[in-house]
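Shown next, in structure tokens, is the structure this report addresses.
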Amino acid sequence: MYDVIIIGSGPAGLSAAIYAGRAKFDTLIIEEKPMSGGQIVNTSEVDNYPGLPGITGLDLGEAMVNHAEKLGISPKR
């Protein structure tokens with residue numbers, strides 16, 4: 001049984017997972033795609049994300065997944 005179930009592991013889903021994990025909720029992320037990060041992983045440059053100007057979408061998505069995984073949350077496929 002989970003406290004929180006998140007559908008999708010794009011930026012919004014990963015952000016929700018990070019907040020839920022920090023609140024110590026038992027959290028499940030369900031993702032249909034083989035890679036997390038949503039559509040942002042297809043972006044060559046994200047220049048409007050605070051603190052990380054010029055990061056690639058793939059790197060940003062990977063960083064968000066790593067953050068969630070540090071809190072013990074990994075997307076299930």
Side-chain angles (χ1 to χ4, degrees):
M1 172 101 58
Y2 293 95
D3 299 313
V4 178
I5 298 175
I6 299 166
I7 309 295
S9 63
L14 290 168
S15 294
I18 290 165
Y19 277 93
R22 291 183 66 218
K24 306 290 188 215
F25 290 125
D26 191 13
T27 304
L28 171 67
I29 304 173
I30 299 172
E31 175 57 56
E32 69 173 332
K33 307 274 190 218
M35 176 184 264
S36 295
Q39 293 181 4
I40 201 165
V41 300
N42 300 320
T43 303
S44 61
E45 182 180 30
V46 179
D47 202 37
N48 61 346
Y49 193 83
L52 300 171
I55 191 169
T56 68
L58 185 60
D59 288 342
L60 180 57
E62 192 173 287
M64 295 175 97
V65 169
N66 290 338
H67 192 162
E69 287 177 344
K70 278 185 173 181
L71 297 166
I73 303 164
S74 296
K76 306 293 186 243
R77 291 165 176 46

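A donor-acceptor pair under 3.5 Å is absent between the side-chain atoms of Asp26 and the main chain of Asp3, judged by distance alone.
Across all non-hydrogen atoms, the minimal contact from Tyr2 to Thr27 is CD2-C, 3.7 Å. Shortest non-hydrogen contact noted between Gly10 and Glu31 is N-OE1, 4.5 Å. In this structure, Met64 and Ser15 approach most closely via the heavy-atom pair CE-OG, 3.7 Å. Of all heavy-atom pairs between Pro34 and Arg77, the closest is O-NE, 3.0 Å. Taking all atoms of both residues into account, the shortest heavy-atom contact from Val41 to Gly37 is CG1-CA, 3.8 Å. Across all their heavy atoms, Ser9 and Leu14 have their closest contact at O-CD1, 3.3 Å.
Contact of the Leu71 side chain with the Arg22 side chain is registered, since non-hydrogen atoms from C-beta on lie closer than 4.5 Å.
Of the options Asn48, Asp47, Val46, a side-chain contact (heavy atoms from CB on, under 4.5 Å) to Pro53 is made by Asp47 and by none of the others.
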Report task. Show your reasoning for whether side chain to side chain contact (heavy atoms under 4.5 Å, CB included) applies to Ile29 and Ile73. Result -> CA-CA 8 Å; Ile29 304 173; Ile73 303 164; 3.6 Å; yes
Query raised in the report: Where do Lys76 and Leu28 land on the side chain to side chain contact (heavy atoms under 4.5 Å, CB included) test, with the steps shown first?
Result: CA-CA 7 Å; Lys76 306 293 186 243; Leu28 171 67; 3.2 Å; yes
Requested in this report: Give the intermediate values and the outcome of side chain to side chain contact (heavy atoms under 4.5 Å, CB included) for residues Met35 and Leu58.
Outcome: CA-CA 10 Å; Met35 176 184 264; Leu58 185 60; 3.7 Å; yes
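A distance of 12.5 Å separates OH of Tyr19 from CD1 of Ile6, quoted to the nearest 0.5 Å. From Ile55, atom CD1 reaches atom OG1 of Thr43 across 11.5 Å, with rounding to the nearest 0.5 Å.
There is a path of hydrophobic side-chain contacts, each under 4.5 Å, that joins Ile40 to Leu52.
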